[in-house]
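Note sheet for the following structure.
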Amino acid sequence: QVQLVESGGGLAQAGGSLRLSCAPSGRTFRNYAWFRQAPGKEREFVAGISWSSGSTSYVDFVKGRFIISRDNAKNTIYLQMNSLKPEDTAVYYCAGSPKVVPGRGEYAYDYWGQGTQVTVSS
């Protein structure tokens with residue numbers, strides 16, 4: 001059974017930091033990504049990473065603040081979130097894709113975690 005289990009969400013103050021973790025089990029995907037969904041908004045791509053090469057991709061509004069990484073030995077993907085803003089408040093999801101170049105669309109990702117809530121207070 002394939003599972004992606006997120007952890008690390010919670011409450012932070014504006015300007016603070018949080019680190020999210022994603023632990024896949026059952027299979028390894030070519031690419032992983034973090035998406036987020038704020039109340040009343042569609043789910044959106046935040047950052048992606050290639051499991052083999054470690055190459056990364058970020059959406060503009062998190063560049064310079066968030067860092068996606070992976071630890072092959074621990075089989076874990078991370079999202080380090082710094083300089084948090086209230087508008088970063090959302091449920092964050094980890095997703096896995098078997099595609100070589102999945103892009104940033106949800107449709108390219110076959111497996112999803114349950115989501116973890118991140119709330120940033122002003």
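Numbers here are sequence positions counted from 1. Keep in mind it's a predicted model, so treat the numbers as computed, not measured. The analysis underlying the following values was restricted to heavy atoms, covering all of them including side chains, and did not include hydrogens, waters or symmetry mates.
In terms of heavy-atom proximity, S122 sits nearest to A14 at CA-CB, 4.2 Å. When all heavy atoms of G96 and L4 are compared, the closest pair comes out as N-CD2, 3.7 Å.
Relative ring orientation between Y93 and W112 is described as perpendicular, the plane-to-plane angle rising above 60° on a 0-90° scale split at 30° and 60°.
At a threshold of 4.5 Å between non-hydrogen side-chain atoms, the residues W34 and I77 count as touching. Between P98 and D110, the closest side-chain pair of non-hydrogen atoms falls below 4.5 Å. Within the 4.5 Å cutoff, side-chain heavy atoms of Y92 are placed close to those of M81. You'll find the side chain of N75 reaches within 4.5 Å of the side chain of P24, heavy atoms only. Q114 has its side chain within reach of E6: a pair of non-hydrogen atoms, C-beta onward, lies under 4.5 Å apart.
For E106, the salt bridge (charged side-chain N to carboxylate O under 4.0 Å, His left out) test picks out R43, with sequence neighbours left out. Checked against salt bridge (charged side-chain N to carboxylate O under 4.0 Å, His left out), E87 has no partners two or more places apart in sequence or in another chain. When the ring pair (Phe, Tyr, Trp, His ring centres under 6.0 Å) test is applied to Y111, the partners found at least two apart in sequence or on another chain are F29. Every residue was checked against the salt bridge (charged side-chain N to carboxylate O under 4.0 Å, His left out) condition with R70, not counting sequence neighbours, and none meets it. In terms of the salt bridge (charged side-chain N to carboxylate O under 4.0 Å, His left out) criterion, D71 has no residue partners (sequence neighbours excluded).
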Pair up each side-chain donor or acceptor in residues 54-61 with any protein partner under 3.5 Å, not counting sequence neighbours, and list the distances.
residue : atom : partner : partner atom : Å
S55     : OG   : S53     : OG           : 3.1
S57     : OG   : R104    : NE           : 3.3
S57     : OG   : R104    : NH2          : 2.7
Y58     : OH   : I68     : N            : 2.9
D60     : OD1  : K63     : NZ           : 3.3

Q: Kindly indicate, with the supporting measurements, whether the criterion side-chain contact (heavy atoms from CB on, under 4.5 Å) is fulfilled by V118 and T89.
A: CA-CA 5 Å; V118 170; T89 295; 5.9 Å; no

- Under the side-chain contact (heavy atoms from CB on, under 4.5 Å) criterion, do V91 and T116 qualify, and how do the steps go? CA-CA 5 Å; V91 177; T116 184; 6.0 Å; no

Could you go through D88 and R36, starting from their C-alpha distance and side-chain angles, then the distance that decides it, and tell me whether this counts as side-chain contact (heavy atoms from CB on, under 4.5 Å)? CA-CA 9 Å; D88 293 319; R36 72 185 188 186; 2.9 Å; yes

Chi angles and distances behind the side-chain contact (heavy atoms from CB on, under 4.5 Å) call for R30, V100: CA-CA 6 Å; R30 290 180 185 270; V100 175; 3.8 Å; yes

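No chain of hydrophobic side-chain contacts below 4.5 Å, direct or via other Ile, Leu, Val, Met, Phe, Trp or Tyr residues, connects Y78 to F45. L11 and L79 fall into different hydrophobic clusters, where Ile, Leu, Val, Met, Phe, Trp and Tyr side chains are chained together by heavy-atom contacts under 4.5 Å.
For S97 and N31, the side-chain atoms include no donor-acceptor pair closer than 3.5 Å.
To the nearest 0.5 Å, atom OG of residue S83 and atom CZ of residue R65 are 7.0 Å apart. How far OG of S25 is from CD of Q1: 7.5 Å, rounded to the nearest 0.5 Å. With values rounded to the nearest 0.5 angstrom, L20 atom CG is found 8.5 Å from F66 atom CZ. The OG atom of S17 sits 6.0 Å away from atom CG of L84, with the distance rounded to the nearest 0.5 Å.
When ring centroids are compared, Y32 and W51 come within the 6.0 Å threshold.
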